[in-house]
Protein chains: 2
Amino acid sequence: MKEAQPKTTAATVADVARLSGVSKATAARVLGGYGTVSDKARDTVMQAAQALGYRPNELARSMTTGRSGTIGVVVGDIENPFFGSAVRGISDAARASGFNVVLANSGEDVAAERMAIETLVAKRVDGLIVSPAQDSAIGHLEDIGHAGRPLVLLDRAIAALAVDSVTADDRQAAEAVTRLLVERGHRHIAYVTACDTPTHLYRDTRDILTASVRERIEGFLQVGAQAGIADMPRWVRLGANTSDAARRLTIDLLGAATPPSAIIASDSLIALEIFKIAREQGIAMPDALSLVTFHDAAWTAVTTPSVTVVRQPVYDMGEAAARMLIERLNGETCAPRRLILPTQLVERASVAVPGTADAGPRIRRL
Amino acid sequence: MKEAQPKTTAATVADVARLSGVSKATAARVLGGYGTVSDKARDTVMQAAQALGYRPNELARSMTTGRSGTIGVVVGDIENPFFGSAVRGISDAARASGFNVVLANSGEDVAAERMAIETLVAKRVDGLIVSPAQDSAIGHLEDIGHAGRPLVLLDRAIAALAVDSVTADDRQAAEAVTRLLVERGHRHIAYVTACDTPTHLYRDTRDILTASVRERIEGFLQVGAQAGIADMPRWVRLGANTSDAARRLTIDLLGAATPPSAIIASDSLIALEIFKIAREQGIAMPDALSLVTFHDAAWTAVTTPSVTVVRQPVYDMGEAAARMLIERLNGETCAPRRLILPTQLVERASVAVPGTADAGPRIRRL
DNA sequence: TTGAAAGCGATACCAT
DNA sequence: ATGGTATCGCTTTCAA
């Protein structure tokens, strides 16, 4: 038992000062590690601090310095491995620079996102990293800047917002994926996303309020159209934002008069659900149905067939976002940077390939 | 543009008070939502607050109230889907009660864990939820109590620590899994875990410093011994704490003079690696190698063969932990509760089963 | 090098 | 119902 803490209240700078017989200012200087103090004073104070079990109160410290050493992170769903990796990247980079991470889940809901941001700003985080659920309502994002805190957008840039962002090259990746499918002879290609519109129907690319998804759909539509496929938009399916929804939507899609011969899943959660259904319904993959997904989730390599994916550098994206934010916190004032990280097309076995066996993945830079 | 914020500094209670012509105390009352104020005063103040773009400073608020409305969470690896789900559970429960979550990654390193806890306590989180990397060094965990903050242990209880904990029924689950394997005729069953000892060798169950893993190994050893299998301990393999380590270790295991006919993977990350290797090396599953893992990760249902798993109620565990913590924060003072949630054995197709086809999972309560 | 005292932005007690 | 003021724990001038 080396606890000297008299069950009363935590020791403060004042207590330490009193015990060591120096002024509060001097004690604070050694305890806070700033200013100049004599070695003798330092020793006495440290000793007293030790005896009292002194622990600094970061809250009080933040209040006077105006910095909390904390960055706020708002993501759509921490349960999604995509965000899991990103948060890990952020977290590692943050700690390397001595910052903490406060995490908030928006559930892809703008109202929740708005509240989370408000709270985080009220808690005086030094800066924020946000994966905005939509890029239409951006008032709460602008408020971050008004509050004097830097903001970095993760995975989803917003054209109307002049702030740093880190995204993957979604447009190009979607084009490559669609092209691959078209080259393999597919004419009925569906694109399934968690994004939604009030009507749950896709009408116009402007209805898609998540930037990354919109870019993917644009790429998808364009390549399809170029290939002379009629009525591409009808193949865009919205609202697969829960596993149940994804399931219903996919079953519906596969049971239609003209089912798709290939599906592009906008995230790995959707791909997983599609995979399950294909299995349950005995739909042979890739022969009867080809599948491609964004995000090289760990499991995509071990299924039969293994899944062809767009590999996004998710961890790196998180890390880069944190780095950029910390640069701003350290005084960087350059113009907003829109960092776009390259992706890779990892060709595995879930796309019907005319005479190639499953001989390990073929990886292509995009 | 409805920003009235004069680029100077954020509006404070004093500013609002001044503009609305009332005292600081009154303004604080309406802004803070406490005490009693006349409707008229409320209106004026709210209006002034609006005009000034007043945002409360939670830091200052926390300092006087002593509560921050924040709970700290320390997990081993947020990238691990297990913790992803748990954190989601915590996060949802926390928000439902108006709490925020500060997340820290320990990387399963005690020193990092200690630092994370120290920081969180210094930041005056109201309470903590921790998945302790080891149950040997518990000084820093005891400090949490000394600092007057409640602590809830997640996934790993510590006998020597009298605090609330939420775990799965690891011991029983391990017994059931091992029994299943034994019943299927396996005599060479390996147990692979991320846990490690200084020598990387398993000698004694007391060397295992992670409670949940120790319980599992105990169950594993006991059932094996009961079944008359000699030299069980040699089948325990430690240190699969990165995908590379898991890979090396598994390759080593499978290449040995007497390779195991079945492997129990302590987490889904290890199982994934084993699955990959079996595939690469053309080892037929489940015929040549059976596999069982703890944690019903999403992908385990879609592989070929699908993987038999111990389903732990991970999200619920996180949720329960947060609930218990919040109860403490609301004044609950009962004796420490050790909540042990039941698991399920989900029998799928990765264990050689004498004449049963893959006809959907068979689920057993444990 | 050290100390006294003024904040930081809210809450809370005590009068009025 | 309202106002004045001490207070929380620390940092930060400003003098000495």
S.K.: Considering non-hydrogen atoms only, spot the tightest contact between Val75(B) and Ser131(B) and give its length.
M.R.: CA-CB, 4.3 Å
S.K.: Answer yes or no: is there a side-chain heavy-atom contact under 4.5 Å between Arg328(A) and Arg337(A)?
M.R.: yes
S.K.: Kindly indicate whether the side chain of Val13(B), heavy atoms from C-beta on, has any atom under 4.5 Å from the side chain of Tyr54(B).
M.R.: yes
S.K.: Please lay out, stage by stage, how His140(A) and Val110(A) fare under the test side-chain contact (heavy atoms from CB on, under 4.5 Å).
M.R.: CA-CA 9 Å; His140(A) 58 301; Val110(A) 193; 4.0 Å; yes
S.K.: Can you measure Leu31(B) atom CG to dA10(C) atom P for me and round it to whole angstrom units?
M.R.: 8 Å
S.K.: Are more than 12 heavy atoms from other residues, nucleotides or ligands located less than 6.0 Å from atom CD of Gln47(A)?
M.R.: no
S.K.: Near DNA chain D, under 4.0 Å by heavy atom, which residues of residues 19-29 of chain B?
M.R.: Val22(B), Ser23(B), Ala25(B), Thr26(B), Arg29(B)
S.K.: Report the C-alpha distance between Asp316(B) and Glu319(B) in whole Å, list the side-chain angles of each, state the deciding distance to 0.1 Å, and finish with yes or no for side-chain contact (heavy atoms from CB on, under 4.5 Å).
M.R.: CA-CA 5 Å; Asp316(B) 296 342; Glu319(B) 202 178 32; 4.0 Å; yes
S.K.: Tell me, which of residues 33-45 of chain A have any heavy atom that sits under 4.0 Å from an atom in DNA chain D?
M.R.: Tyr34(A)
S.K.: Of all heavy-atom pairs between Ala321(A) and Leu154(A), which one has the smallest distance, and what is that distance?
M.R.: CB-CD1, 4.1 Å
S.K.: Using a 4.5 Å cut-off on heavy atoms from C-beta on, say whether the side chain of Pro150(A) contacts that of Leu329(A).
M.R.: yes
S.K.: Between Arg124(A) (CZ) and dG9(C) (P), how many Å, whole number?
M.R.: 8 Å
S.K.: Under the side-chain contact (heavy atoms from CB on, under 4.5 Å) rule, what do Met46(B) and Val30(B) come out as? Steps first, then yes or no, please.
M.R.: CA-CA 8 Å; Met46(B) 288 306 271; Val30(B) 10; 3.8 Å; yes
S.K.: Starting at the 5' end of DNA chain D and moving along, which residue's nearest nucleotide shows up first, Ala60(B) or Gly32(A)?
M.R.: Ala60(B)
S.K.: Please report the closest heavy-atom contact between Ala133(B) and Glu113(B), naming both atoms and the distance.
M.R.: N-OE1, 2.7 Å
S.K.: Between Asn105(B) and Asp77(B), is there a side-chain heavy-atom distance shorter than 4.5 Å?
M.R.: yes
S.K.: From the 5' end of DNA chain D to its 3' end, which nucleotides mark the outer limits of contact with chain B, defined by a 4.0 Å heavy-atom distance cut-off (strictly under)?
M.R.: dA1(D) to dG9(D)
S.K.: In whole angstrom, give the distance that lies between atom CE of Met63(A) and atom P of dT11(C).
M.R.: 11 Å
S.K.: When the distance from CZ of Arg18(B) to P of dG9(C) is rounded to whole Å, what number comes out?
M.R.: 11 Å
S.K.: Rounded to the nearest Å, what distance is computed from the CZ atom of residue Arg67(B) to the P atom of nucleotide dA12(C)?
M.R.: 12 Å
